[in-house]
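Whatever order the structure lists them in is the order used to number ligands and atoms, beginning at 1. In this chain, residues are counted from 1 in sequence order.
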Amino acid sequence: MYLTKKEIFEQYDALQKTYNHILSMEPDIREFYEQSNFKSITYIGCGSSYCLCQSAEISANIRLGLKAYSIPAGDLMLNYKSYKSILKDTMLVVPSRSGSTSEVLKAVELVKSESEAPCISICAKTDSELSKIADLNIEIPWAFDESVCQTRTVTNLYLANLMLNAIYSGDKALLDEMKTAIQKGNSFIEDYRDLLKEVAEKEEWSKVVVLADSELQGIASEAALAFTEISLLQSSCHHLLDVRHGPIVLINDSTLVIAVSTPYDTQYQTELVKDLKKKGAKVVLVSSNDINWGADYTLLIPGYENYAVHGIPFIFVCQAIAYYKAVAEGINPDVPQGLDPWIKL
Ligand code: F1P
C-alpha cells in the first residue's frame, strides 16, 4: 500500500492523539499565554505549513480579539525589514512537519534576534531544530508523514492551531466540536471512500479549482497544493463567489471544482454551482446543508456551529481524490519527482 494512502486514511487516529495531547498540555499552554507579553500573533510557515498559517490567522482575528498575521517564512526572511512594524510585540506560532525548514528557522531567528517575541512551535518531529529556538514546543510525532507530500500532518497542524485558539479564548464549545469531528471521522471516510475513488477514476478532468471561504481558505489552498504535489496537476484556490471575478474564464469541461459551502447561505451558492456547471466543470460540493445543490457529487458533513471545524472533513475529501487521481494516472503519490519533503537552503 502506498504510504500516502495509509497516512490519508489513518489520519483520524493521529488526530485523536493530537487532540488528547494538546488537552493534556492545556495548563502549560495557558500559563505560557499568561506569562508572555504580546499584542498580536504572527504565524510563520512554508508550503503546506504556510497554508495552515493562513487559516489560523483568520481564526485568530475572528476569535481572539487580537491582531493576527500569516507570513511565508521565506518572505519574512527576505523582507524582514519591511515587516518590522507588525512584528513589534508579536507572538510567533510556527507549525512545521520537520522543524528543519531553513526559511522557517532563519525567520524565527531573525525575529528573536531583535525582540523578545515568544514562540510556540507545533512540530511533527521531536527534538527538532525548531524546538531548540522555540519557547513552548507542542510535539506530535504520530502525525509525521513519511511520504514527501504532507496529508495527515496538515490536518493535525490545522487542528492544533485551532485548539490553541480555543484554549486562548476559553472556547470549550469549539474544543467539543473538534472532538466530535474526530470521533465521526472514520465513519465519514467509510461513507465516502468509494465515491471519492469514482470522482478520480470515472470522471475526466485534468485541472482542479478549490473554493472555500473564511477560516477554511488556508486549508483550501493546502487542498489545491495537494493536487499539485500528489497528482501533479494544475490547481488553484479561490474564495467561493470570488471565482466569478476572473478565475472562472479558465474553468471548462476539463476542470474539477471542489467547493466547501458556507453554512450561512444556500441561494447564492446554488447559483454559483449552476454557473460552474454551465462552464462544463464537474462539481463536488462538501456541505452541511442537506439540500439539492445541483452539484455532480454532494458530500454531507455534520453541521458544526464553528465553521472552522468543517475544514477537518473537507481536507480529507481533497486529499483522497488527489491520491486516487495520482494512482489512476500511474503516478507514485509517495515520491513526486523534483520535490523534497522539506527544504534546506
Ligand atoms: C514545508 C514544506 C512542505 C512541502 C514541501 C517542502 O515543510 O514546504 O510543506 O510539502 O515538501 O517543505 P515543513 O516546514 O512543514 O517541514
Q: State the atoms of ligand 1, each with its element, that fall below the 4.0 Å cut-off from a heavy-atom position in Trp342.
A: 6 (C), 12 (O), 16 (O)

Q: With heavy atoms of Glu229 as the reference, note each atom of ligand 1 found under 4.0 Å away.
A: 4 (C), 10 (O)

Q: Check ligand 1 against Ser96 and write out every atom of the ligand that is under 4.0 Å from a heavy-atom position of the residue.
A: 13 (P), 14 (O), 15 (O), 16 (O)

Q) Near Ser48, which atoms of ligand 1 are under 4.0 Å from a heavy atom of that residue? A) 9 (O), 10 (O)

Q: Give the numbers and elements of all ligand 1 atoms closer than 4.0 Å to a heavy atom of Arg97.
A: 13 (P), 15 (O), 16 (O)

Q.
I want to check something: taking the side chain as every heavy atom from C-beta on, are Arg63 and Tyr168 in contact at a cut-off of under 4.5 Å?
A. no

Q) Is there any N or O on Cys149 that sits under 3.5 Å from an N or O of ligand 1? A) no

Q) Looking at side-chain heavy atoms only, is the closest gap between Glu222 and Tyr158 below 4.5 Å? A) no

Q) Heavy atom under 4.0 Å from ligand 1: found in Pro95's side chain, backbone, both, or neither? A) neither

Q) In ligand 1, which numbered atoms sit nearer than 4.0 Å to a non-hydrogen atom of Thr101? A) 1 (C), 7 (O), 13 (P), 14 (O), 16 (O)

Q.
Determine whether a donor-acceptor pair (N or O, by modelled atom type, separation under 3.5 Å) exists between the side chain of Glu229 and the backbone of Pro336.
A. no

**Q.** Check: Tyr50 ring centroid to Tyr43 ring centroid under 6.0 Å
**A.** no

Q.
Tell me whether Asp334 contacts the main-chain N or O of Ser147 through its side chain, where contact means a donor paired with an acceptor under 3.5 Å.
A. no

Q: Taking only heavy atoms of Gly47 into account, list the atoms of ligand 1 that are under 4.0 Å away from them.
A: 8 (O), 9 (O)

Q. With a cut-off of 4.0 Å, which atoms of ligand 1 are near a heavy atom of Asp340?
A. 5 (C), 6 (C), 11 (O)

(Q) Has Thr255 got a side-chain atom pairing as donor or acceptor with Val257's backbone, closer than 3.5 angstrom? (A) no

